[in-house]
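Note that the structure is a prediction, hence the values are computed from the model and not measured. Proteins get letters first, then strands, A, B, ... in listed order; numbering begins at 1 in each.
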Amino acid sequence: MEITVKHLTHIYQPNSPFERLALDDINVSIPFGKFITIIGHTGSGKSSFLQHLNGLLKPTKGEIIIGDHKIVADSKVKDLKSLRQRVGMVFQYPEHQLFEETVEKDIMFGPLNFGCTEDEARRRAREALEWVHLPESFLERSPFDLSGGQMRRVAIAGILAIRPEVLILDEPTAGLDPRGHREILDLFQWLNKEQGLTIIMVTHNMNDAALYSDEVMVMDKGRLVIKDRPEIVFSQRELLFDLGLDIPQTMHFLKRVSDKFGKDIVTPLFRLEETAHYVAQFLEKEKDGP
Amino acid sequence: MNETMIDIESLCFKYRNEDPDWILDHISLHVEAGEWLAITGHNGSGKSTLAKCLNGLLVPEQGSVKVKGFFTSDEDSLWEIRRSVGMVFQNPDNQFVGTTVRDDVAFGMENHGVPREEMVQRLSESLELVGMSEFQGQEPHRLSGGQKQRVAIAGIVALRPSIIILDEATSMLDPRGKSDVLKVMHELNKTRGITVISITHDLEEASSADRMIVMDEGRIVREGTPIDIFKEPEGLVEMGLDLPFTVKLRQLLIEENGLNLSEKAFTEKELVDELWKLQLNI
């Protein structure tokens with residue numbers, strides 16, 4: 001299920017003094033099964049873009065084609081329910097939306113809403129809980145007695161139980177400690193690689209964008225500035241700085257090394273191991289002399 | 001010796017009587033005027049509960065918390081304590097009351113009965129300090145996350161606090177917002193001597209503190225300068241934390257790549273300098 005966005009423009013409160021251009025002629029296509037991250041400073045249009053992908057916002061101009069669904073300006077979205085079943089959205093702090101007495105009931109809520117039988121919903125709840133790596137014993141617990149990281153997993157399980165093909169995530173790691181952060185990103189990677197879900201994630205963390213995604217979309221003032229592989233996007237240091245963004249830590253370090261040794265090339269590497277290995281080899285070469 | 005700002009003696013706290021374990025379990029801690037203290041620990045380790053004890057939002061079940069000599073358990077002192085201790089929270093959108101930046105910064109001062117002339121002067125001074133003067137007349141919701149947090153800080157600074165607590169205050173910000181907020185706070189810490197307590201998961205942020213404490217299961221399990229804490233990384237990762245970038249990279253350079261580096265380098269610059277020397281010596 002490919003996602004194609006053509007000339008997408010969104011204006012908030014048009015024809016009023018508060019009129020604001022949130023998205024400005026965005027054209028992008030996202031093939032099925034990719035892991036895409038979106039970066040951009042606050043107010044660059046990231047969230048507005050996400051909200052178009054499952055019909056929460058409708059374009060002022062342009063269109064969005066998701067599989068056989070088409071969202072265009074000035075007309076009702078057909079089969080909105082089926083679209084939302086296929087495109088699951090995890091908002092910021094999704095744990096704030098937990099409400100049931102037990103974890104099981106909370107996860108079952110989505111599937112039941114989309115017409116599953118009780119038995120099927122229960123089966124999916126078990127499966128989704130396993131996917132987010134929580135033990136079965138949690139099913140009977142109150143979601144409110146869990147830790148922050150666990151609550152977030154339960155909330156995500158609730159979306160996964162709907163069996164979406166595309167998972168949209170708005171800063172899914174905000175507020176988690178380093179372990180919770182890593183575990184939840186590994187989960188998304190697993191869902192992408194092993195379960196074939198398309199992942200579209202907004203993040204402020206440049207390291208995560210570099211490490212986890214097939215492609216990075218950079219947004220600024222409602223426009224899509226670049227969409228490319230992380231190695232290419234993060235090689236554009238000056239551009240990213242101008243947009244209030246940053247480069248991953250590994251590249252900051254490699255830049256320092258390169259400056260110190262009077263070179264002007266910075267190789268785009270994002271993994272620590274690769275970076276350490278590269279630096280060791282670089283020193284070796286320097287030692288042998290030019 | 002510097003003036004003592006915060007003095008915690010064997011503080012114990014839990015939210016519900018029937019809970020078997022303390023959320024804060026015999027915490028003792030001293031914070032001096034002008035210090036920058038980082039508090040770190042995994043989710044649920046008790047950091048935020050501790051922060052709420054520092055301005056009397058929560059009071060000790062056992063033990064005591066003293067702020068500038070006032071006990072938080074003494075209701076008559078709460079007003080004074082809350083004026084001295086300002087808090088900046090995680091979500092920039094949840095802490096605005098005014099319709100303009102100016103109104104918002106003035107709100108706290110009005111509440112504290114600051115005379116009008118004084119108020120006008122403090123208003124421009126605090127907005128100046130956080131670099132937000134030109135945004136005075138703007139609506140807060142039109143600002144970026146980092147700008148919102150700086151306005152929140154201005155509102156606190158206007159009350160002339162002795163202590164500012166940052167409760168994960170940069171965790172929702174984009175990279176520039178984050179570095180702007182930290183820059184402003186370091187400035188206030190240095191030039192105005194404001195004591196800063198920063199609760200954070202970000203080990204890079206914690207690294208810039210004078211002193212840090214690590215919490216686990218309601219207890220303080222490590223305490224020292226960031227350099228000392230990260231010198232013994234064992235256990236930190238098991239506690240759900242991470243190590244700063246340079247520490248991890250140095251370990252890999254030594255252990256996996258056989259480089260002869262000292263354990264002294266702590267900042268990126270220091271590490272690069274060591275690599276430079278290493279290459280010259282050989």
Structural part of A/H181 lying under 4.5 Å from a heavy atom of chain B:
neither
For the interface with chain B, which of A/T173, A/L176, A/V257 has the highest count of heavy-atom pairs at distances below 4.5 Å?
A/L176
Side chain, backbone, both or neither of A/F282 within contact of chain B (heavy atoms, under 4.5 Å)
neither
Option in B/E168, B/Q251, B/Q90, B/M239 with maximal non-hydrogen atom pairs under 4.5 Å from chain A
B/Q90
Report yes or no: do B/E268 and A/Q249 form a side-chain donor-acceptor pair below 3.5 Å?
no
Tell me if the NZ atom of A/K221 is crowded by more than 12 foreign heavy atoms within 6.0 Å.
no
So what's closer than 4.5 Å to chain A heavy atoms on B/Q147: side chain, backbone, both or neither?
neither
Atom group of A/T250 that falls short of 4.5 Å from chain B, counting heavy atoms:
both
Between A/I39 and chain B, which part of the residue has a heavy atom less than 4.5 Å away: side chain, backbone, both or neither?
neither
Under 3.5 Å, side chain of A/D177 to main-chain N/O of B/N43, donor-acceptor pair present?
yes
Donor-acceptor check, side chain of B/R176 to backbone of A/D246, threshold 3.5 angstrom: yes or no?
no
Greatest number of heavy atom pairs closer than 4.5 Å to chain B - which of A/R256, A/H41, A/E183
A/R256
